[in-house]
Asker: 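Can you keep this structure in mind? I'll have questions shortly.
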There are 2 protein chains.
Amino acid sequence: MQTVHASSISQPAPAILLRSVPLPRPSQDTVALGATRTVAKDEEIFAEGDRPAFFYKVVTGAVRTYKLLSDGRRQIDAFHLPGDIFGLEPGEEHRFTAEALGDTTVVLYRHCNLGALALDGGELSRQIVTAMMRSLEHAQNHMLLLGRKNALEKVATFLLAMSKRVSNDEQVDLPMSRLDIADHLGLTIETVSRSLTQLERKGVIDLPTHRSIVLRDKEALGQLDS
Amino acid sequence: MQTVHASSISQPAPAILLRSVPLPRPSQDTVALGATRTVAKDEEIFAEGDRPAFFYKVVTGAVRTYKLLSDGRRQIDAFHLPGDIFGLEPGEEHRFTAEALGDTTVVLYRHCNLGALALDGGELSRQIVTAMMRSLEHAQNHMLLLGRKNALEKVATFLLAMSKRVSNDEQVDLPMSRLDIADHLGLTIETVSRSLTQLERKGVIDLPTHRSIVLRDKEALGQLDS
DNA sequence: CGATGTTTTGAAAGACTTCAAGACAGGTGG
DNA sequence: CCACCTGTCTTGAAGTCTTTCAAAACATCG
C-alpha cells in the first residue's frame, strides 16, 4: 500500500478538479460513482463547519481529519489511508477539517441526507454504515488511549495500528510528520520523538529514516499496547 | 429529568426481570417493543466481550459504559441518561462494559444484525442510526477533550454538558461519583476534586452537596469550554 | 552545497498524579 | 433522635511525567 510523500511543498496547489463525468476512475470495490480530486500536500479538502456536499474515499496518499480549540490546539481524530471513507456527516455541517498529508487523490460522492442514504438498503449505504461503525469503533478505542495511556504506550499502540493498516509488515512508512502523530496521540512533538528514541534504544524499533520505522519486536510493542 | 440515586447499597440486587410480554412499559417515543429490566447500583448490564443479545434504552437512573486496560485503568466513554440508547454494536461482541450508576431501569431491544437492522428502513432503524451518529459525535468531541484540554477545561466542559442534558438549569444533580467523572475525563479523582474546589473558590460554581452542583457563572464555564 | 523545515536532544518548569490523612455525608443501629 | 461507621470526597506534600523553551542535528530541496 503506497503512501504519497510530500514531493514538494512549493508546488502550487492544483485547482480543484471536479469532473462531473459519472465514471472517472471506478475503484474496484465501489458501487456508486464519483468524481476524483487531486489534493496537494497540506491542502484543505473541507473545513469544520462547511456544509457537507460530498464525502470521500482515499485513492492514493493520506488524509488527516482534525478539530481545533479556539487557541489553536489541535486534535487529529484519524488518518485516512487508501480505501478509507471519510467526511460522512450526520448533520448539516462537517465536524472536522480534512487536509491531505501528502499529495493525494480522493473520490467524491454526493452527500445526500445521510439518514436517508443509510436507510435506502443499497450497497453504498451498506458501505456507509460500515464506515460509520468503523469510525465509531476507532473513536472509542482512541478515547481509551487518550485518556488512560502514557506516552510510550500511546506511541507503541500507534505504531502497531499503523503497521496493521499499511503493510502488516515489519517496515512501516509513515505518511505523516511527528507533529501530526503528536496531535493524534495527545502529546507534544518532543514527547513523541523521545518515545521513539526510547523504543529504539531498547531495540524494539529501528528508525532508518524519519518517515520509516522498522518494528523489530512486535511482542514488546504489543505488551505496551496492553 | 429525574436521576435515581443509590437509595441503599445493601439492598439485595433484584433478580433480573425479563418480562416477555410485548408491551410492558411503552415509553412515549418508542416504536419497537421491549422488555424492561431493573438494575441495582453498580450491577453489570453487559460486559465487554459479551455477544450482544440486546441493546438498551435508559428509562430511569443512569448507566456508565467503559473499557479497561489490562492493569485496571478505566476509561468511561459515556454516561447514559433517561432516553438514551446504548449497547448498540456493529460486530459480534460488546466493546464496552455497562453498569448502572444507581438503581436503574432500562428497556431491552432484541439485537438482531445491526447492519440489516439499520437498513430495513423502519422507524426503529432510524432511531438506531441516529443513536450511532450521536454516539460518534460524542466520541469525537470527547477525543478533543481527552487529548487537548487541561483539567480545569475538562471539568468545565463536563459540567456544562451535564447541565444541558439533565436540566438545562443552574442546578445539576450528578448521578455519578467523582471517580466516575475522573475516569470519564482522563483524570484522577483528586484532580477532579481540586478542579471543582478551584471553580468554587472563583465563584463559578457552588457545591451545596457532593452530588449537586450549581452553575453560577455559565459564561465563565463556557470560556473554559472554548 | 546552501537554505529551510523537521526532528532530536537537553534542561528547566509545570501539570497532574501518587501517597497519605483528615473531613464529610449518608445510612444503621442503639 | 443521636452517635457511630463506612464509603466518598477533599486537602496537603512529594514525586513523576510531560511540556516548554532552546539549540543542535538531520534531511530534503532547489
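Basis for what follows: all heavy atoms, side chains included, without hydrogens, waters or symmetry-related copies. Keep in mind that what you see is a predicted model, and the values were worked out from it rather than measured. Here is how names work: the chains are called A, B, and so on, in the same order as the sequence lines, proteins then strands, and each is numbered from 1.
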Asker: Between atom CZ in Arg73(A) and atom C1' in dT18(D), what is the gap in whole Å?
Answerer: 15 Å
Asker: Using whole Å, what does the distance between atom P of nucleotide dG7(D) and atom CZ of Arg178(B) come to?
Answerer: 19 Å
Asker: Glu43(B) side chain to Ala40(B) main-chain N or O, any donor-acceptor pair under 3.5 Å?
Answerer: yes
Asker: Can you check whether Arg95(A)'s main-chain N or O pairs, donor with acceptor, with Lys67(A)'s side chain at less than 3.5 Å?
Answerer: yes
Asker: Which label fits His184(A) and Phe158(A): parallel for a plane angle under 30°, tilted from 30 to 60°, or perpendicular past 60°?
Answerer: perpendicular
Asker: Specify the separation, in whole Å, of atom CG of Asp183(A) and atom P of dT18(D).
Answerer: 16 Å
Asker: Return the value, rounded to whole Å, for the distance between atom CZ of Arg148(A) and atom P of dT17(C).
Answerer: 7 Å
Asker: Are side-chain N/O atoms of Tyr66(A) and Glu99(A) paired as donor and acceptor at under 3.5 Å?
Answerer: yes
Asker: Tell me the interatomic distance from His210(B), atom NE2, to dT11(D), atom P, rounded to whole angstroms.
Answerer: 9 Å
Asker: Let me know the distance between CG of Leu187(B) and C1' of dC9(D), rounded to the nearest Å.
Answerer: 16 Å
Asker: So which of Leu69(B), Leu146(B), Asp183(B) actually passes side chain to side chain contact (heavy atoms under 4.5 Å, CB included) with Gln75(B)?
Answerer: Leu146(B)
Asker: Does anything in residues 188-203 of chain B reach DNA chain C, meaning a heavy atom under 4.0 Å, and if so which residues?
Answerer: Thr188(B), Glu190(B), Thr191(B), Arg194(B)
Asker: Would you please indicate if the ring centroids of Tyr56(A) and Phe86(A) are separated by under 6.0 Å?
Answerer: yes
Asker: N/O contacts under 3.5 Å, protein versus nucleotides 13-15 of chain C?
Answerer:
none

Asker: Could you point out which residue of Val155(B), Leu160(B), Leu199(B), Thr157(B) forms a side chain to side chain contact (heavy atoms under 4.5 Å, CB included) with Leu224(B)?
Answerer: Leu199(B)
Asker: Any Lys/Arg nitrogen of Arg74(B) or Asp180(B) sitting under 4.0 Å from an Asp/Glu carboxylate oxygen of the other?
Answerer: yes
Asker: Is there a donor-acceptor contact under 3.5 Å linking the side chains of Thr105(A) and Thr60(A)?
Answerer: yes
Asker: Arg211(B) CZ to dT10(D) P: how many Å, rounded?
Answerer: 11 Å
Asker: Take the protein atom CG of Asp180(A) and the nucleotide atom C1' of dG5(C), then report the distance between them rounded to whole Å.
Answerer: 14 Å
